[in-house]
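Here the structure comes first, spelled out in structure tokens, and everything after it is commentary.
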Amino acid sequence: MEKARFLKSATVIPVDDIYDTVEWYQNVLGFATNHLHGEGRKGENKDFANFATLSRDNVSVSFIMDEGGPIWSRAGTGYLNLTVSNVETIYAQVKAKGLTIARELKKENWPARGFSINDPSGNEVHIEEEIES
């Protein structure tokens, strides 16, 4: 019998507005949209955009509209941890865009340097680079 293996993980972050989220992740972090489910904003039609998948390099993240479900599916409760190469460059790019830094770039309590920002829905996005301990 072949050994069972885990092949993939999906990260899904709850948001207030799919279009604002897609625009923010594209403009701030350079992600590209792979999939957008639905069309239009909530209240415009019954099949409004309520799910999107974006990616950059080896990272793929999905976003789902907060439609009042369980507390874990509410906008602002998500946490996205992104491991990057050259965190200083990403930090400088984010600062140059005039974004508020929720937590400044610093050495973590684990072998990494990182900083945090918040997306338009209030979800925390922590960006870090692994370093030698």
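Side-chain contact, Thr33 with Gln26: a donor N or O sits under 3.5 Å from an acceptor N or O.
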Check step by step if side-chain contact (heavy atoms from CB on, under 4.5 Å) holds for Leu105 and Val87.
CA-CA 9 Å; Leu105 180 63; Val87 71; 3.9 Å; yes
Output, in order, the C-alpha distance, side-chain angles, deciding distance and verdict of side-chain contact (heavy atoms from CB on, under 4.5 Å) for Ile64 and Ser73.
CA-CA 8 Å; Ile64 191 165; Ser73 69; 5.7 Å; no
Checking side-chain hydrogen bond (donor to acceptor under 3.5 Å, both in side chains) for the pair Thr53/Asn34: CA distance, chi angles, key distance, verdict?
CA-CA 5 Å; Thr53 301; Asn34 297 11; over 6 Å; no
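Contact check for Val125 versus Ile13: no side-chain heavy atoms found under the 4.5 Å cut-off. No side-chain heavy atom of Leu80 sits less than 4.5 Å from a side-chain heavy atom of Asn123. Between Leu99 and Trp24 there is a side-chain heavy-atom pair separated by less than 4.5 Å.
By the criterion of side-chain heavy atoms lying less than 4.5 angstrom apart, applied directly or through intervening Ile, Leu, Val, Met, Phe, Trp or Tyr residues, Ile101 is grouped together with Leu82 in one hydrophobic cluster.
Shown here for Val22 and Ala52, the closest heavy-atom pair between the two residues is CG2-CB, 3.9 Å. Closest approach of Trp72 to Pro14, counting heavy atoms only: O-CG, 3.8 Å.
Ring geometry for Phe63 versus Tyr25: interplanar angle of 30 to 60°, hence tilted.
Side-chain atoms of Asp57 never come within 3.5 Å of backbone atoms of Val59 as a donor-acceptor pair (strictly under, hydrogens ignored). A side-chain donor-acceptor contact under 3.5 Å links Arg74 to the backbone of Gly68. Judged purely by atom type and a 3.5 angstrom limit, His126 uses its side chain to pair as donor or acceptor with the backbone of Phe115. Although no hydrogens or angles enter the test, the distance criterion places a donor-acceptor pair under 3.5 Å between the side chain of Asn27 and the main chain of Glu23. A donor-acceptor pair is defined here as one N or O able to donate and one able to accept, closer than 3.5 Å; no such pair exists between the side chain of Asn118 and the backbone of Glu124.
The neighbour count for Glu104 CD, taken as heavy atoms of other residues, nucleotides or ligands under 6.0 Å away, is above 12. Within a 6.0 Å sphere centred on CH2 of Trp110, other residues, nucleotides and ligands contribute more than 12 heavy atoms.
Remark: Lys106 engages Arg103, Glu108 in a side chain to side chain contact (heavy atoms under 4.5 Å, CB included) (not counting sequence neighbours).
Expressed to the nearest 0.5 Å, how far OH of Tyr19 lies from CE of Met65 amounts to 10.0 Å. Note: Thr77 OG1 to Asp66 CG = 7.5 Å, rounded to the nearest 0.5 Å. Atoms CD1 and CG, on Ile18 and Asp16 in that order, are 10.0 Å from each other to the nearest 0.5 Å. Between the CD1 atom of Ile90 and the CG atom of Leu29 there is a distance of 7.5 Å, given to the nearest 0.5 Å. Of the inter-residue distances, the one linking Ile117 atom CD1 with Ile127 atom CD1 reads 4.5 Å to the nearest 0.5 angstrom.
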